[in-house]
Amino acid sequence: MRLIEGQTALVTGASRGLGVEIARRLAKRGLDLVLVARSEEALNGVARDLRAETGRKVTVMVADISEPTAIAGLADAVARRGGVDVLVNNAGVESSLRFHERTAAEIEQTIAINLTGPILLTRALLPGMLDRGRGHIVNIASVAGVLGVPFNEPYSATKFGLVGFTRSLRLTARASGWSVSASVVCPGFIGGAGLFAELQRTYGVSSDELGVCPLEEVGPAVIEAIEGDLPDVFVVQGDIRQLVAMGAVDPVAAEQAMLGSPGTAMFRAVADARSANSIEQGVVR
Ligand SMILES: NC(=O)c1ccc[n+]([C@@H]2O[C@H](COP(=O)([O-])OP(=O)(O)OC[C@H]3O[C@@H](n4cnc5c(N)ncnc54)[C@H](OP(=O)(O)O)[C@@H]3O)[C@@H](O)[C@H]2O)c1
């Protein structure tokens, strides 16, 4: 879909991290914005900055996308304002932990935020896009959506789910002759802001060998996905790029490479640290 000045994009998870950067790039292309997350104060700050920087109309909607009722409320509010042309399902939570130490509640919450929420929000906004005869949905998955990532079973499962959901929706769109389409963007490790940068700050993990991509590459990848109507777009560098390709043709070699990668060492270190913290704090998992 060609992006045209005056169209509107709804970006979830726009209170910090990748969502802010994606919203900024879309606004710079002339799109008005609807920013969604749970933190009202942070959203208002981002909205103020983006209005000043781009001159676009920026609306804030506070919603928890793990709540189906909140999604229904969001869809009603969007419909009252004339709908959206672009939906970026970006909100997501990372959850590196030893699998047998996870609680059922944490697993369910990860699935609700990372997978059920984006699917339900797409379901809620798609009819409006079909009525208006245009629209594009971009789901932000991860390299963990095409490669198994250790110590991240629920996260990886949700991201594989988003990749599958998007590919399936694209085929439905084509088989039905819709003028609405969908893409999935799979970042590797992104530096500067976002959940990986936060892991680096909190746990002191090194980025030297990990193939970290700059934050500034994420927004253009989203725009490329929309305007090129691309199925999967990877934002990766170095060894991760090879690992993704290897995963598709030689799963045994990819598994060995993943086990020996700095990424595995990092996720193990984060899971170990969280386990030690929760033992100290008496958390029962
Ligand atoms: N950063 C990376 O290196 C990287 C790599 C691969 C994939 N990704 C994916 O990129 C996306 C963005 O990640 P990020 O790095 O920007 O993470 P982040 O900095 O932790 O930001 C996550 C965003 O999601 C929002 N969010 C979380 N739970 C929510 C909920 N229940 N309802 C509504 N909003 C919610 C947060 O806002 P509130 O807390 O205010 O609600 C925040 O705006 C995620 O899907 C992530 O899996 C990131």
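Counting convention: from 1, in listed order, for ligands and their atoms alike. As the structure is a computational prediction, the values presented were derived from the model and not from experiment.
In terms of polar-atom proximity, defined here as any N/O pair under 3.5 Å, Ala193 makes no such contact with ligand 1. Inclusion of Ile113 in the set of residues having an N or O under 3.5 Å from an N or O of ligand 1 is not warranted. Close N/O approach between Ser39 and ligand 1 is found [any backbone or side-chain N/O within under 3.5 Å]. Backbone and side-chain nitrogen or oxygen atoms of Ile65 are examined, and one is located within less than 3.5 angstrom of a nitrogen or oxygen of ligand 1. Inclusion of Ile190 in the set of residues having an N or O under 3.5 Å from an N or O of ligand 1 is warranted.
In this structure the side chain of Leu162 never reaches within 4.5 angstrom of the side chain of Asn89, judged on heavy atoms. Counting only heavy atoms from C-beta outward, the side chains of Trp178 and Thr172 approach each other to under 4.5 Å. Between Val185 and Asn90, every side-chain heavy-atom pair lies at or beyond the 4.5 Å cut-off. Taking 4.5 Å as the limit, every side-chain heavy atom of Glu227 sits out of range of all side-chain heavy atoms of Glu224. Using a 4.5 Å cut-off on side-chain heavy atoms (C-beta onward), Val270 and Phe151 make no contact. Leu97 is not listed as a side-chain neighbour of Tyr155, based on a closest heavy-atom distance of 4.5 Å or more.
Closest to atom 16 (O) of ligand 1, if we only count protein heavy atoms, is Leu18 N, 2.7 Å. The protein atom (non-hydrogen) at minimum distance from atom 22 (C) of ligand 1 is Gly92 O, 3.6 Å. In terms of protein heavy atoms, atom 7 (C) of ligand 1 is closest to Ala141 O, 3.2 Å. Among all non-hydrogen protein atoms, the one lying nearest atom 13 (O) of ligand 1 is Leu195 CD2, 3.8 Å. Protein heavy atom in closest approach to atom 18 (P) of ligand 1: Arg16 NE, 3.7 Å. Here the heavy atom of the protein found nearest to atom 12 (C) of ligand 1 is Asn90 OD1, 3.2 Å. For atom 8 (N) of ligand 1, the nearest protein heavy atom (residue, atom name, distance) is Tyr155 OH, 3.7 Å. Residue, atom and distance of the protein heavy atom nearest to atom 19 (O) of ligand 1 are Gly194 CA, 3.3 Å.
Using a 4.0 angstrom heavy-atom cutoff, Ala70 does not count as in contact with ligand 1. Ligand 1 is never approached by Cys186 to a heavy-atom distance shorter than 4.0 Å. Residue contact check for ligand 1: Thr12 places no non-hydrogen atom closer than 4.0 Å to it.
By the salt bridge (charged side-chain N to carboxylate O under 4.0 Å, His left out) test, Arg134 pairs with Asp85, sequence neighbours left out. Every salt bridge (charged side-chain N to carboxylate O under 4.0 Å, His left out) that Arg24 has, sequence neighbours left out, goes to Glu21, Glu53.
Residues Gly92 and Ile113 share a closest heavy-atom pair of CA-CG2, 4.1 Å.
Comparing Cys213, Ala112, Gly188 against atom 4 (C) of ligand 1, the shortest heavy-atom distance belongs to Gly188. In this comparison of Gly13, Ala14, Ser15, the heavy atom closest to atom 24 (O) of ligand 1 sits on Gly13. Atom 41 (O) of ligand 1 has its nearest heavy-atom neighbour, among Gln200, Glu94, Arg38, Lys159, in Arg38.
Atom CZ of Arg174 has more than 12 neighbouring heavy atoms from other residues, nucleotides or ligands inside a 6.0 Å radius. Counting non-hydrogen atoms of neighbouring residues, nucleotides and ligands closer than 6.0 angstrom, the CZ atom of Arg132 exceeds 12 such neighbours.
Residue Asp64 has at least one heavy-atom neighbour below 4.0 Å for each of these atoms of ligand 1: 30 (C), 31 (N), 32 (N). Proximity to Ala91 (heavy-atom distance under 4.0 Å) selects the following atoms of ligand 1: 24 (O), 25 (C), 26 (N), 34 (N), 35 (C), 45 (O).
For Ala63, every heavy-atom contact with ligand 1 shorter than 4.0 Å involves the backbone, none the side chain.
When Lys159, Arg167, Arg170 are each tested for a salt bridge (charged side-chain N to carboxylate O under 4.0 Å, His left out) with Asp232, only one passes: Arg167.
Rounded to the nearest 0.5 Å, atoms CG (Leu130) and OG (Ser179) are 7.0 Å apart.
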